[in-house]
Amino acid sequence: MRWRRTRGPALSLVALGALLAGCGTEVAGGGGDGAEGAGAGAPAAVSPGPTPTEITVPSTECPASGARVTPDVIDAAMGLRAGTIRLTNCGTEPYTVEGHPELILVGDDGVETLDIAVQHDTAEITASLNGFDEPPRPVTLEPGEAAWATIAWRNTTDLSGPPVDARFVDVIPAPGEDAQRIMPDGGIDLGTTGRLAVSPWTAFDRG
């Protein structure tokens, strides 16, 4: 919060001094070299407060790689969460990706990264889900086409510690590419499980 200095009191002292001088009355402290008198009416300097942390929000621009990551719908049922992350070729050339995306969970402040085990299978989360049993394969996307990666976790809690919630997910689509920040609807509420699973990138059959 910035404070605005006011000039009201200083103007009043000047007006009062002029009035007394006109009446032939000496103002106390007005003589000498004026060093003390000049500083007496000056307002105290106000130090600026701390700068609030700036949260990096998801971008809507097409990255240099030509592929943009966005969140899809998250389905929640009986404590099990499952959803998809979309990878769209927003460029003008074919784009090929293979393997699993790297996921980094980030807290509400947009800065703190959470120590979460990201797995490539759902054995410790639930029975097998579509997309997790298939081995990674190269996926080539023409401009405008998209691939999906499935994510799954459970929102269960026990007495092992406080629940963990992530507001953002930084997604690295492929090794060597920059991370792209997404904000899944409802966040990633892991409870106290500390586990999240992600499948390889998969493209729907064009036929």
Side-chain angles (χ1 to χ4, degrees), residues 55-77 79-107 110-155 164-190 193-207:
I55 296 178
T56 303
V57 298
S59 174
T60 58
E61 297 181 358
C62 187
S65 64
R68 181 174 59 241
V69 176
T70 54
D72 262 5
V73 177
I74 301 296
D75 183 21
L80 176 64
R81 311 288 199 249
T84 51
I85 299 173
R86 182 194 297 256
L87 181 67
T88 304
N89 183 348
C90 55
T92 57
E93 301 291 335
Y95 172 88
T96 300
V97 66
E98 181 179 4
H100 298 77
E102 181 180 348
L103 307 182
I104 303 169
L105 273 61
V106 184
V111 177
E112 179 188 8
T113 58
L114 308 180
D115 185 14
I116 298 300
V118 179
Q119 305 170 342
H120 293 166
D121 63 75
T122 60
E124 298 182 29
I125 298 174
T126 186
S128 179
L129 295 175
N130 289 337
F132 282 89
D133 291 336
E134 297 295 327
R137 294 185 177 91
V139 176
T140 299
L141 304 174
E142 297 296 329
E145 292 185 335
W148 282 262
T150 303
I151 55 175
W153 71 96
R154 279 197 178 275
N155 176 28
V164 174
D165 295 307
R167 182 180 179 187
F168 306 98
V169 181
D170 288 345
V171 182
I172 302 176
E177 294 189 6
D178 293 335
Q180 300 182 45
R181 175 158 294 186
I182 63 174
M183 188 165 56
D185 185 22
I188 306 293
D189 53 344
L190 294 174
T193 61
R195 290 187 295 272
L196 175 70
V198 61
S199 75
W201 292 115
T202 304
F204 286 115
D205 187 349
R206 294 189 183 95

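Rounded to the nearest 0.5 Å, atoms SG (Cys62) and CG (Asn89) are 7.5 Å apart. A distance of 7.5 Å separates CD of Glu142 from OG1 of Thr140, quoted to the nearest 0.5 Å. Note that the OG atom of Ser65 and the CD1 atom of Ile172 stand 12.0 Å from one another [nearest 0.5 Å]. Rounded to the nearest 0.5 Å, atoms CG (Asn155) and CG (Asp165) are 7.5 Å apart. Atoms CD1 and CH2, from Ile85 and Trp148 in turn, are 13.0 Å apart once rounded to the nearest 0.5 Å.
Here the side chain of Trp201 pairs no donor or acceptor atom with the backbone of Ala174 at under 3.5 angstrom. Side-chain N or O atoms of Gln180 include none that pairs as donor or acceptor with a backbone N or O of Pro173 at under 3.5 Å. Side chain of Thr84 to main chain of Asp72: no donor-acceptor pair is present (N/O by atom type, distance under 3.5 Å, no hydrogens or angles).
Across Thr126, Asp75, Asp189, a single residue satisfies side-chain hydrogen bond (donor to acceptor under 3.5 Å, both in side chains) together with Arg81, and that is Asp189. Checked options Ile188, Leu196, Val106, Ile151; the residue passing with Val169 is Ile188 (criterion: side chain to side chain contact (heavy atoms under 4.5 Å, CB included)). Among Thr70, Leu103, Val198, the single residue meeting the side chain to side chain contact (heavy atoms under 4.5 Å, CB included) criterion with Val171 is Leu103.
A 4.5 Å side-chain heavy-atom check between Glu134 and Pro200 finds every atom pair outside the cut-off. You'll find the side chain of His100 reaches within 4.5 Å of the side chain of Pro136, heavy atoms only.
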Q: With side chain to side chain contact (heavy atoms under 4.5 Å, CB included) as the test, would you mind laying out the steps for Ile74 and Trp153 before giving the verdict?
A: CA-CA 11 Å; Ile74 301 296; Trp153 71 96; 3.8 Å; yes
(Q) Show, in sequence, the C-alpha distance, side-chain angles and deciding distance for Leu141 and Thr88, and conclude whether the side chain to side chain contact (heavy atoms under 4.5 Å, CB included) test is met. (A) CA-CA 8 Å; Leu141 304 174; Thr88 304; over 6 Å; no
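A pairwise comparison of heavy atoms in Pro138 and Thr96 identifies CB-CG2, 4.4 Å as the closest pair. Between Arg195 and Gln119, the shortest heavy-atom contact is CD-NE2, 3.1 Å. Arg181 and Asp170 get closest at one heavy-atom pair: NE-OD1, 2.8 Å. Taking each heavy atom of Pro101 and Ala149 in turn, the nearest pair found is CG-CB, 3.9 Å. For Pro143 against Pro94, the heavy-atom pair with the smallest separation is CD-N, 4.4 Å. The heavy-atom pair separating Ile125 from Ala152 by the smallest distance is CD1-O, 3.6 Å.
Looking at residues two or more places apart in sequence or on another chain, you find no salt bridge (Lys or Arg N to Asp or Glu O under 4.0 Å) involving Arg154.
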